[in-house]
Amino acid sequence: MTPRNPLKISPSPVWAHCIGKQKSGIHLLLILIIITFAACSKDDVTIENEETNTGAVTIDSTTTSSGTAEGNTGTAADEEDLLANSVFSSAVTIEFGTTVSISNPLASAGVTVTATNGDVIVNSTVSEVEYVLSGTTTSGSFKIYSDKKFKLTLNGVNITNPSGPAINVQSSKRAFIVLNNNTTNTLIDGATYTASGSEDMKATLFSEGQLIFSGSGSLNVKGNYKHAICSDDYIRIISGTITVPASASDGIHANDAFIADGGIIDITTAGDGIQCEEGFIVINNGTFKINVADKAITASYDTDTSIDPYLTINGGTFDITSTAGEGIESKSIMTINGGTIVAKTADDAINAGTFIYINGGNIYAYSTSNDAIDSNGPLTVTGGTVIAVGAGSPEAGFDCDRSTFKITGGILIGIGGSSSTPTANASTQPSALLGSGTANQLVHIQAADGSEAVTFLVPRNYSTMLFSSPKLKLNQTYNIFTGGSVSGTTEFNGLYTSGAYTAGTKASSFTTSAMVTRVGGSTGP
């Protein structure tokens, strides 16, 4: 096609030479304008959307970093809670059946045991006593009054009480609940309770004092009336397998504290999984599977604001599902020092009232309708691997209400409708805020030298991604690929930790020109 010449002037060779020089000048000017605009732009980003045939890239699983740990590190250790530090020299045995068989060598020395229609009541003023329960009753119970700590061994006992708790400890002293080796024990209460004076009783296994579980047997507790297991003091689980197949309210409910050092805990309830009503929670180890309608694990307070309902996780494995509530909640400070946590919830997967510290562990927090990780104060990440999947706008992967968001180590991937912005002058590890992505699509970030920064299979559509990693270096260019394939891999909820990535489409690139590089997305919360 002949170029249009509106003035219909045929230039002479001299004019043609001048016009050519003029065009070159215009081109140069345009290039200078583009360079100047790019230099003044807030984000160093280039949109590519081109196919690439680069070879497979090895997924790096060796680059890690940790800053100085912050928050709580206590284990709530107490020598008095160790069964080995107590002596129980006498044993009273009670076997349930058509009739109740009782062997009581302390009958004339301060221990009385009565059985009426399957209901056993113990009154004791004697130290160092072990009570051993076995047998089966479909209409019975065990109640104890003791002003001394005692050992209660469950040796294959099955108690159903249609009108109250199966086990009722009306004592403020320590009760060492031992699940005997190779035994399965079952406790079931009634949907309604018959009052016993002014006595408090609100669970299938209820205690006024401390409950300390150990042993290698199993305990199944169904709560038809309210809670399955409850202490008006604190509960500690050292070992054993505890299953709550159903409960009208909480699976495990403590007033002052809940502490776990081990064990296997499997809870399904219509209320909370584990609740500390007016105190703290410390989990050092254990395996937790919690499927609830409300909150899975929560440390809170009702009226006494002098209580510090902090929550510390030092280790353990957590598989959490909540259909309407939150996953792990502290009304005060939450500190996660280790463990593997997978929390899939309707409300916030992880929430704290004043501060969240994450120093280690592997965390996958997924919320269907709210923030994935939500601190109502500052948020600090010094280590670990954290994947936070929030809902659409305005919900976020990471939300700290515009408080300080400090990153000094770890691998962070947060997707959602928005994200809190890391605080540049408080952080020592670079991060990038990126734009949208599509569910079930691979996102791969690769340094200009070809080394892998992250390979992640996106679980849902999102408009904002926050990414931070020790693999991100300042003043380097990174390419973002979508699609492609991964082979020979291991992964943690979509984050690939080994294998090889074969590239799909090069979508964009960015340069980490600052501690926080903004490429796209929304930074609302």
Side-chain angles (χ1 to χ4, degrees), residues 92-97 100 115 117-122 130-145 150-171 175-194 196 199-232 235-254 258 263-271 273-275:
V92 174
T93 63
I94 300 164
E95 182 177 2
F96 291 92
V100 179
N117 298 324
D119 295 319
V120 175
I121 299 177
V122 174
E130 174 187 10
Y131 303 90
V132 181
L133 306 185
S134 62
T136 298
T137 177
T138 58
S139 183
S141 65
F142 176 83
K143 181 190 288 189
I144 182 169
Y145 301 89
F150 60 91
K151 177 181 178 182
L152 181 61
T153 299
L154 306 186
N155 189 35
V157 67
N158 302 285
I159 301 174
T160 297
N161 183 3
S163 59
I167 294 179
N168 187 347
V169 179
Q170 290 295 313
S171 168
F176 291 92
I177 312 296
V178 178
L179 311 179
N180 240 7
N181 299 349
N182 302 315
T183 67
T184 298
N185 306 274
T186 301
L187 306 175
I188 303 172
D189 68 348
T192 59
Y193 283 9
T194 300
S196 178
E199 288 182 357
D200 188 15
M201 47 182 180
K202 46 182 177 278
T204 309
L205 197 172
F206 174 75
S207 178
E208 291 285 353
Q210 306 99 314
L211 289 174
I212 302 165
F213 293 87
S214 64
S216 60
S218 298
L219 173 63
N220 303 314
V221 186
K222 184 177 181 182
N224 291 310
Y225 172 69
K226 194 172 183 181
H227 309 311
I229 300 171
C230 176
S231 167
D232 276 348
I235 295 173
R236 185 170 209 130
I237 299 175
I238 295 173
S239 62
T241 299
I242 298 175
T243 301
V244 177
S247 182
S249 189
D250 302 342
I252 296 176
H253 184 99
F258 173 82
I264 300 171
I265 298 92
D266 188 342
I267 298 174
T268 301
T269 77
I274 299 171
Q275 184 191 53

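The structure presented is a predicted model; accordingly, all values stated were derived computationally and were not measured.
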(message) Could you check whether any side-chain heavy atom of Ile235 comes within less than 4.5 Å of a side-chain heavy atom of Ile252, counting everything from C-beta outward?
(response) yes
(message) I want to check something: taking the side chain as every heavy atom from C-beta on, are Ile229 and Ile242 in contact at a cut-off of under 4.5 Å?
(response) yes
(message) Between the side chains of Asp189 and Lys226, is the shortest nitrogen-to-carboxylate-oxygen separation below 4.0 Å, so that they form an ion pair?
(response) no
(request) For side-chain contact (heavy atoms from CB on, under 4.5 Å), just list the numbers for Val122 and Val92, CA-CA rounded to whole Å, side-chain angles, deciding distance to a tenth of an Å, and then say yes or no. (result) CA-CA 10 Å; Val122 174; Val92 174; 5.9 Å; no
(message) Quick check: do Asn161 and Phe142 have side-chain heavy atoms less than 4.5 Å from each other?
(response) no
(message) Using modelled atom types and a 3.5 Å cut-off, is there a donor and acceptor pairing between side-chain atoms of Gln275 and backbone atoms of Gly251?
(response) no
Pair up each side-chain donor or acceptor in residues 263-271 with any protein partner under 3.5 Å, not counting sequence neighbours, and list the distances.
{"from": "Thr269", "atom 1": "OG1", "to": "Gly271", "atom 2": "N", "distance (Å)": "3.2"}
{"from": "Thr269", "atom 1": "OG1", "to": "Gly271", "atom 2": "O", "distance (Å)": "3.2"}
{"from": "Thr269", "atom 1": "OG1", "to": "Asp272", "atom 2": "O", "distance (Å)": "3.1"}

(message) For Ser239, is there any backbone N or O sitting under 3.5 Å from a side-chain donor or acceptor partner on Ser214?
(response) no
(message) If I take atom OG from residue Ser207 and atom CE from residue Met201, how far apart are they, to the nearest 0.5 angstrom?
(response) 14.5 Å
(request) Sort and list the pairs that fulfil ring pair (Phe, Tyr, Trp, His ring centres under 6.0 Å) and have at least one residue in residues 207-231, not counting sequence neighbours. (result) Tyr193-Tyr225, His227-His253
(message) Under a 3.5 Å threshold, yes or no: a donor from one side chain and an acceptor from the other, between Asn185 and Thr183?
(response) yes
(message) Walk me through whether Lys143 and Ser196 qualify under side-chain contact (heavy atoms from CB on, under 4.5 Å).
(response) CA-CA 11 Å; Lys143 181 190 288 189; Ser196 178; 3.3 Å; yes
(message) How about CG on Asn181, more than 12 heavy atoms from neighbouring residues, nucleotides or ligands closer than 6.0 Å, or not?
(response) yes
(request) Identify which one of Leu152, Ile94, Thr153 satisfies the side chain to side chain contact (heavy atoms under 4.5 Å, CB included) criterion when paired with Val132. (result) Thr153
(message) A quick test of your reading: do over 12 heavy atoms of other residues, nucleotides or ligands sit less than 6.0 Å from NZ of Lys222?
(response) no
(message) I need the minimum non-hydrogen distance between Ala203 and Ala228, along with the two atoms involved.
(response) CB-O, 3.8 Å
(message) To check you understand the geometry: which heavy-atom pair defines the closest contact between Ile144 and Tyr131, and what is its length?
(response) CD1-CE1, 3.5 Å
(request) Return the minimal non-hydrogen interatomic distance between Thr184 and Asn158, and the atom names on each side. (result) O-OD1, 4.2 Å
(message) Would you compute the distance between atom OG1 of Thr93 and atom CD of Glu130 and round it to the nearest 0.5 angstrom?
(response) 10.0 Å
(message) Please report the interatomic distance CD1(Ile237) to CZ(Phe258), rounded to the nearest 0.5 Å.
(response) 4.0 Å
(message) Can you give me the closest heavy-atom contact between Gly223 and Thr204, atom names plus distance?
(response) CA-OG1, 3.3 Å
(request) Could you tell me which non-hydrogen atom of Phe96 sits nearest to which non-hydrogen atom of Ile159, and how far apart they are? (result) CE1-CD1, 3.7 Å
(request) Over all heavy atoms of both residues, which pair between Ser141 and Asp119 is shortest? Give the atoms and the distance, please. (result) OG-OD1, 2.8 Å
